[in-house]
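Numbers here simply count residues along the sequence, with the first being 1. Counting starts at 1 for both ligands and their atoms, following the listed order.
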Amino acid sequence: MTQHEAKQVWAEPYKIKMVELLKMTTRDEREQAIRQAGYNTFLLKSQDVYIDLLTDSGVGAMSDRQWAGLMMGDESYAGSSNFYHLRDTVEKYYSYKYTVPTHQGRGAENILSQILVKPGDFVPGNMYFTTTRLHQELAGGTFVDIIIDEAHDPASTHPFKGNVDLDKLDELVKRVGSEKIPYICVATCVNMAGGQPISMANMKALRKWCDQHAILIIHDMTRVAENAYFIQQREQGYGDMPIADIVYELCSLTDGATMSSKKDAMVNIGGFLAMNDKKFYEDACNLVVVYEGLHTYGGMAGRDMEALSIGIAESVCDNHIKARVGQVEYLGNALKDRGVSIVQPIGGHAVFLDAKAILPHIRQDQFPAQALAAALYVDAGVRVMERGAVSAGRNKQTGKNYRPKLELVRLTLPRRVYTQAHMDVVVESVCRVIANADSIKGLRFTYEPEYLRFFRGRFEQVDD
Ligand code: F0G
């Protein structure tokens with residue numbers, strides 16, 4: 001794609017062949033549904049949702065080619081031809097030599113953490129992700145946030161809020177020693193920061209730093225193609241480079257990766273752990289047979305590995321990614337134009353509402369983002385997700401609630417699923433809810449699960 005074409009208006013590089021009919025509900029029905037769900041949008045039945053912006057995970061629309069790929073499934077227990085296709089595809093597009101399939105991203109995180117993290121270790125990362133941090137902790141490690149400060153400020157318009165702060169890494173090494181740091185977990189397009197990218201320059205600087213300290217870089221590459229798009233749009237020297245080449249370059253600066261292929265790669269289930277080191281691969285093969293399945297399927301059906309290989313190739317096409325991020329920007333700009341407080345710049349997979357700014361009357365320990373998510377569902381049946389204090393959980397040492405600076409509601413766009421008209425409905429609904437923000441009440445837990453409490457926690461409204 002030339003720079004000139006990149007500036008043209010975006011449109012979907014596909015047409016719709018099949019549709020899924022949606023149920024429309026009344027406000028009364030939705031009020032009852034959210035009460036029954038304990039004010040947690042994860043506990044709603046999908047049948048009661050009109051526009052589902054809960055997540056972009058496993059909910060994309062597969063292409064006709066991916067569906068055709070399902071028919072090519074080689075469901076042999078061992079040595080499926082779809083595995084070899086996947087392995088070759090990962091090496092071709094992502095540079096990693098060895099691939100260990102897993103049932104989804106957290107399966108790869110579990111194996112990675114068990115291999116590399118020892119009790120007492122520290123694992124720095126450019127902001128935490130819920131499942132990633134938990135696996136580090138379960139292996140005895142402590143997560144350390146080394147993202148730049150701008151990432152914690154929703155109003156900062158820094159173009160690469162996913163960047164790593166090398167000074168924070170220097171401080172950590174001084175404090176604990178580099179032998180206590182097995183690897184640095186670097187996410188491309190940082191989810192919890194609002195879908196914010198890391199720059200190529202920062203990744204290169206980090207590579208140099210890690211080489212000096214003999215520390216590995218493990219890449220959470222869940223949304224690497226979206227990160228590559230921002231590099232193409234914003235970073236000097238990359239304007240004419242195809243997305244596929246930027247993705248390859250990013251990956252080749254790292255030593256290994258965990259992948260949830262339910263996002264970028266547009267399959268409903270699947271993931272992998274990938275690396276270049278033979279011994280690391282051997283260790284991963286030893287564990288994958290315990291937790292996931294044989295090393296040539298790791299919890300995936302042959303047909304799913306085939307759809308994944310095809311999805312990877314589609315995910316790095318310039319026209320695809322331009323329309324994908326274009327739709328997110330359409331929604332974000334429409335909200336911004338109406339004065340809604342959102343995380344800036346607009347992210348790659350989602351628009352994040354700043355719940356602290358929208359509901360200043362609700363204290364953070366009464367979970368404003370959770371309350372806003374519930375109110376949005378009641379208004380028009382749009383389902384979104386809390387990404388604030390509930391998601392952040394409790395400090396494993398002190399047991400105290402984390403108080404993250406970012407108290408956000410995530411409007412996440414599934415890939416290739418909704419139209420621009422759906423986005424307009426969402427904008428209208430968000431504005432209506434904000435106009436009546438005073439009537440939204442805070443929440444308290446009635447049930448708090450031990451791990452990843454945001455998934456299954458239940459709440460009630462607080463009256464004071
Ligand atoms: N890393 C990142 C950055 C993620 O966003 C996710 C999942 C994972 C790892 C774990 O992958 O779900 O396949 O086990 N994110 C989903 C979301 C759940 O909605 O953001 P998984």
Identify each donor-acceptor pair in which a side-chain atom of residues 93-100 lies under 3.5 Å from a protein atom, sequence neighbours left out, and give them as a table.
residue	atom	partner	partner atom	Å
Tyr96	OH	His219	ND1	3.0
Tyr96	OH	Cys251	O	3.4
Tyr96	OH	Thr254	OG1	2.6

What residues form a side chain to side chain donor-acceptor pair (under 3.5 Å) with Arg410, not counting sequence neighbours?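 Expected list: Asn191, Thr412.
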Under the ring pair (Phe, Tyr, Trp, His ring centres under 6.0 Å) definition, can you give me all pairs with a residue in residues 403-423, not counting sequence neighbours?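 The answer is Tyr418-His422.
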Flag the pair Phe160 / Phe230 as yes when their ring centroid distance falls below 6.0 Å, and as no otherwise. no
Tell me the residues surrounding ligand 1, counting only those with a heavy atom closer than 4.0 angstrom, sorted by chain and number.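 Contacts of ligand 1 under 4.0 Å: Thr55, Ser57, Gln104, Gly105, Arg106, Glu109, Phe129, Thr131, Asn191, Asp220, Thr222, Arg223, Ser260, Lys262, Lys263, Met385, Arg410.
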Phe459 and ring-ring contact (aromatic ring centres under 6.0 Å, His included): which partner among Tyr39, Phe454, Phe367, Tyr447?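 The ring-ring contact (aromatic ring centres under 6.0 Å, His included) with Phe459 is passed solely by Phe367 among Tyr39, Phe454, Phe367, Tyr447.
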Is a side-chain N or O of Arg303 found less than 3.5 angstrom from the main chain of Gly73, in a donor-acceptor match? no
